Amino acid sequence: MRELTYIAAISEAIAHEMERDPDVLVLGEDVGGDFGGAFKVTEGLAARFGDRRVLNTPLAEQSFIGMANGMALMGLRPIVEVQFADFISTGFDSIVQSAATIHYRFGGKIPWVIRAPSDGGIRSGPFHSQNPEAWFVHTPGLKVVAPSNPADAKGLLCSAVRDPNPVVYFEAKPLYRSLRGPVPEGEHLAPIGEAAVVRPGTDLTVVAYGSQVSQALAAATDLAADGIEAEVVDLRSLKPLDFQTVAESVSRTSRAVVVHSANRLAGVGAEVAARIAEECFEWLDAPVTRLGGLDVPIPFSPPLEDAYRPDAQKIADAARRLAAY
Amino acid sequence: MRELTYIAAISEAIAHEMERDPDVLVLGEDVGGDFGGAFKVTEGLAARFGDRRVLNTPLAEQSFIGMANGMALMGLRPIVEVQFADFISTGFDSIVQSAATIHYRFGGKIPWVIRAPSDGGIRSGPFHSQNPEAWFVHTPGLKVVAPSNPADAKGLLCSAVRDPNPVVYFEAKPLYRSLRGPVPEGEHLAPIGEAAVVRPGTDLTVVAYGSQVSQALAAATDLAADGIEAEVVDLRSLKPLDFQTVAESVSRTSRAVVVHSANRLAGVGAEVAARIAEECFEWLDAPVTRLGGLDVPIPFSPPLEDAYRPDAQKIADAARRLAAY
Amino acid sequence: MSDPLGSHIREALFSTPPRPEEPKAPATQPESGETPADLADELRIDLYRWMRLTRTFDNTMVAMWKQGRGLGGTFSGRGHEGISVPIGLALGPDDVIAPMHRDVGSYLVRGMTPARVFGNLLGKVTGPSGGRDANLHGMGDLSLGIIGYVSHIPQQIPISLGVAMSFHYRDEPRVALTVCGDGGTTAGAYHESLNMAALYSAPLVLVVENNQYAYSTPLDQQMATFAITERAAGYGLTARTEDGNDVEAMYRSVKAAVDQARSGGGPTVIEARTMRMLGHAIHDGAEYVPPELLEEWETRDPVEGQRRRLLAGGVCDPARLEDIDAWARTEIDAAVAEAEAAPFPHPDTVSDGVYA
Amino acid sequence: MSDPLGSHIREALFSTPPRPEEPKAPATQPESGETPADLADELRIDLYRWMRLTRTFDNTMVAMWKQGRGLGGTFSGRGHEGISVPIGLALGPDDVIAPMHRDVGSYLVRGMTPARVFGNLLGKVTGPSGGRDANLHGMGDLSLGIIGYVSHIPQQIPISLGVAMSFHYRDEPRVALTVCGDGGTTAGAYHESLNMAALYSAPLVLVVENNQYAYSTPLDQQMATFAITERAAGYGLTARTEDGNDVEAMYRSVKAAVDQARSGGGPTVIEARTMRMLGHAIHDGAEYVPPELLEEWETRDPVEGQRRRLLAGGVCDPARLEDIDAWARTEIDAAVAEAEAAPFPHPDTVSDGVYA
Ligand SMILES: Cc1ncc(C[n+]2csc(CCOP(=O)(O)OP(=O)(O)O)c2C)c(N)n1
Ligand SMILES: Cc1ncc(C[n+]2csc(CCOP(=O)(O)OP(=O)(O)O)c2C)c(N)n1
Ligand SMILES: [Mg+2]
Ligand SMILES: [Mg+2]
């Protein structure tokens, strides 16, 4: 299969959905014209589909997301880009109060996607490196996905566009151009709500998502050299969460490490670890270990950011401790 | 000791701090004049301390919280009322991006308190019943407290005002006038970052905070009739979290239920349960159980809201299952 | 392209309970495009009829809550009927409205039955939110072109901007109308949305219900100048001030704004000056409002004002108005009975409908 | 009541490295209250001097990043020196400023050394954020009366409103000054904060750097009318437009606004019209900007303009200006060397300083 970078897979997914359905449109800061967004994800779309379908908005997250709510209520399917995931908090009400509750409160459908370029490791500091997915997983009424590879980046985005609910799509900036992989051409959907075992193993389970899946796979290779066979589960969808795949894995390996780039404290990993601890209690031979960002604003300077973030080395270290437990 | 309602204890704490320190002031929607706020917490303060220190703001959460950031940077100690905890999301950036990061980024101190009347059970529907504490516990740089009784309501608020950091203070609306208890007169501080064992017990530990502490105590009484002695730990402070007190209790009881009114999914209880599961692994005789709100917007109609919320009965049921494990 | 509202709206609009004294209901919907400098007599009577129904609803609701027959809190729209009725009546059947908590009139006009509104207030399964949302929140019904209220002020504005932009995008001759209070004008999303509405020439009408108070906070503690209309005009959209207690003036103004929006002329902000006659919510005695102010505005009551005008102008005789008043009473009494008799939702359904 | 800034500021302001050619540094701080209709010659030269230092800083930074000697991204303020320098110079020593990402000049004027700014850019422990914040963010130093930049636009405005309100509350004759871009004017908090600043008559000055673009988005895709000044006036505060490339006009205007605020006359918004001469950030080629526009604005360069003006008016001779240029070059070269030699923070300190 031909290979694409992670970012190219995202661009392809958007174009594919716009081609397929005239109700799909793109909006956000700087997404339009010849420019095509801070990361160039929407480059060329305005020329291809017209300015009306690729709309540059003023700097006004609360209201352009709110506007997407109204468009979606009328059956359009806006793909909203927030320039960095960090700025999603500026439009918070329009997501967690408005979009998230409308179906429950009176049956209105909000079939939008918010694309949030997230994650760090690339020396961008506290305001351009955030991973705010836990806020949205905790909020009733939203779906949240976080692809770890180019094929899922395309497949989950296409599924998100077609989903009748609001989906927050966290794309991992550090993977944009550093990760290439096979991506099916044409129609390709990845189901929302299904995790994937991306590396089978017998000795312990590493549960990860987004950019930490690559790190977990690298750690697994490293561990295999020591004879420790790690199974890697890529959650892919954080809400709904496919706990069954996690439980099935842990029931075989009896040991689990949960890892994400976001703050470990009260992060999505806490939910996963608490469920493993509760529902896989009888199978566990060791305590569930969590890795995540430190409880500090994401620092800029390389030694500090490296200390802040989980990586393959830290995952391997934790896995070794766990295997030796 | 004389007894006060939970809400009177809050009012007393504010007046006490304003009396003590001219840098303490109050601001928010409708807090001033003869009116004194939607719940009358600040009633009488404007007459006593002047309109300048009890400031009615326009409807503009982002900016009046942002204004509090600037005041606090200059050494004032604003006590900000958001009318309902539900509306704290409207000022989200000013809290999670601005206030939370300023000390780490350049050493500025933000000694404010945001008072957030939270929680439900009183038929107020999805927009006047929320418990958004998990968003803030997950965010680096904030402190978060949630008193369960009148004495702590006063003591934690006084401590929060004097703390050099931003503190989000979740007060439980359902306790406002329904819970009376002894409250020390004059100076009374409750330390931020210390949990309390509010009922000793030997068979299992119930970890709770806010309005669910009363429910846990009621459940414990019920359980005692069956010969099950539940220890109840009141977290009081959600960030920093006094895990030592929790661990010490679970090391004796070997069983734990964690309960809060907020959505169970990726709530603060997930963090507590994950830590118990990790750090108390060797002591546990049964899986850690979590109770919390369902993953739905908080419904209005009595049968739905009752189905949504944890209460003494549901805690007792869970505890019985756990004791029998 | 799919039309989520469909043409059911026209039907729904006229499917309210039969009104014996008002057989010519279509008169309430002047042909789109007609600018009513002189309003037809039947329309003028209709404005009264809907205001009377709204007022009777409000009186009854307030009485019930005082008697302890309510559930949770609620909001009175007394004094706002001169706004809430024409914003409903001036819209065409395929238009969409996003009302606030004092706009019961607009729900009724759009075809939501009083029984359903009471059902919502009482947490019954028959309310438009099925017991999920409280009081006058969440009363959306897209088949009637109504978007339920989001409490976070002024969320209705960006949502309505988006509805308007969907019409724009699809080249549909439809209009979105929404409402905010004086308090809403000081919130950030007000500014963002007005700026975008002007920028995109969105078919949007925003009515600012300037009722002089945001909860307990009077205008002069909300803004340095009361130039709501001038500030709105600054974005580059049409803006004007109206007497919100003059229902005919309001109808004309809203209708003109709707026509302008429909024909591609862009958005309008109408500042409707009025007074909130009861407290903020049912529990609020509003002691902070000077009694003289209320007395003055009581003399400008929009319902009684329209009644006097109809009689003075000889538009109809007193008997017809008394029939209307009696009809309203009957309608509302029946609605209360129906809502009180309706069941609560079953607890097992609590998690239904979070996702589509 | 405690004064978190203290009187160290005056000292700090003059503790920048010695400037051989500029012994009379105090001339940069006209006595508070004096409205400089005619600016003193030394002040006019000082405006040039700081602009030259700022420009040399900027040129050097851009070159370093192009050479791969940078860390992460950064933002050029080229063309904005006519704003960033006077907003610093027109303030008194106890005033507080909250600059944005193109306002390096104001940091330098307030006494932050170029070496510290480069330290921040390079993630060194010597930067004001100690390696915690990136590029021109987080460069706060309260001892210099500088608040670090929060990326979420326009957070600097409500923060500065609060700073102003603390002066108001304590009856201190101090002023808060902040900055936003044209893009910032379309965000909600801009509106909320201007409304409150006017309402409370806060001692606040806001300079809107209208540089015609928000990232790639030109003004006409941001707002329907470009009436930034008129809209600001609508809140009931003082508002005026200036040529942001005329540093003397800017100085006069900002100084008058600061004096007005200090004497209880309330807030001012100054729309400073200018052009962003390089891209949004270092990686941005800004192909979306018509080259003619840049060419036109190149002829209006604020630094060269002031140089020409000084020479034409005979305020000083060319040798003095060449000395200043050489001084700036020396200062900046030394600063780069110092910053490049400085250590990174130790990883063990990563969690230090989250809480006070
Ligand atoms: C963002 C937000 N903050 C606070 C509230 C609480 N609140 C409900 S109504 C109200 C006053 C609204 O005043 P106004 O907009 O003038 O409308 P009115 O009630 O007068 O009709 C407030 C503060 C809210 N609903 N939303
Ligand atoms: C709330 C928010 N959304 C998005 C961004 C990303 N962003 C950074 S600068 C910028 C453009 C700002 O334009 P303007 O205010 O005109 O300032 P300029 O860069 O022209 O100086 C954007 C969109 C941000 N910083 N904050
Ligand atoms: Mg009002
Ligand atoms: Mg700009």
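Here is how names work: the chains are called A, B, and so on, in the same order as the sequence lines, proteins then strands, and each is numbered from 1. Because the structure is predicted, anything quoted here is derived from the model rather than measured.
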*Please state whether the side chain, the backbone, both or neither of D/His191 comes within less than 4.5 Å of a heavy atom of chain B.*
neither
*Let me see the working for D/Leu161 and B/Phe64 under side chain to side chain contact (heavy atoms under 4.5 Å, CB included), right down to the final yes or no.*
CA-CA 9 Å; D/Leu161 169 66; B/Phe64 72 67; over 6 Å; no
*Is it true that atom CG of B/Asp34 has more than 12 heavy atoms of other residues, nucleotides or ligands lying nearer than 6.0 Å?*
no
_Those residues of residues 36-48 of chain B, ordered by number, that approach chain D below 4.5 Å (heavy atom to heavy atom)_ = none
*Interface moiety of B/Asn165 toward chain D, non-hydrogen atoms closer than 4.5 Å*: side chain
Scan the side chains in residues 67-75 of chain B for donor-acceptor partners under 3.5 Å anywhere in the protein, sequence neighbours excluded, and list what turns up.
from, atom 1, to, atom 2, distance (Å)
B/Asn69, OD1, B/Trp112, NE1, 2.6
B/Asn69, ND2, B/Ser94, O, 2.8
B/Asn69, ND2, B/Ser98, OG, 3.4

*Look at D/Gly162, D/Gly140, D/Gly148, D/Ser193 and state which one has the largest set of heavy-atom pairs under 4.5 Å with chain B.*
D/Gly162
_Backbone of B/Leu142 reached by a side-chain donor or acceptor of D/Tyr355 within 3.5 Å_ = yes
*Of all the residues in residues 99-107 of chain B, which have a heavy atom that comes within less than 4.5 Å of a heavy atom in chain D?*
B/Ile102, B/His103, B/Tyr104, B/Arg105, B/Phe106
_Residue among B/Gly108, B/Pro78, B/Pro58 with most heavy-atom pairs under 4.5 Å to chain D_ = B/Pro58
*Heavy-atom distance under 4.5 Å to chain D: side chain of B/Leu55, backbone, both or neither?*
side chain
*Residue by residue, which of residues 150-159 of chain D have a heavy atom closer than 4.5 Å to a heavy atom belonging to chain B?*
D/Val150, D/His152, D/Gln155, D/Pro158, D/Ile159
*Considering only heavy atoms, which portion of D/Asn195 lies under 4.5 Å from any heavy atom of chain B: side chain, backbone, both, or neither?*
side chain
*Please determine, among D/Asp171, D/Asp352, D/Leu199, the option with the most heavy-atom pairs under 4.5 Å with chain B.*
D/Asp171
*Please check if the side chain of D/Glu192 supplies one atom and the backbone of B/Ser63 the other of a donor-acceptor pair under 3.5 Å.*
yes
*Side chain, backbone, both or neither of D/Tyr190 within contact of chain B (heavy atoms, under 4.5 Å)*: neither
*asked:* Using heavy-atom distances under 4.5 Å, tell me whether D/Ser160 contacts chain B through its side chain, its backbone, both, or neither.
replied: neither
*Please test B/Leu76 against D/Arg170 for side chain to side chain contact (heavy atoms under 4.5 Å, CB included), starting from the C-alpha separation and ending with a verdict.*
CA-CA 9 Å; B/Leu76 295 179; D/Arg170 287 169 162 165; 3.6 Å; yes
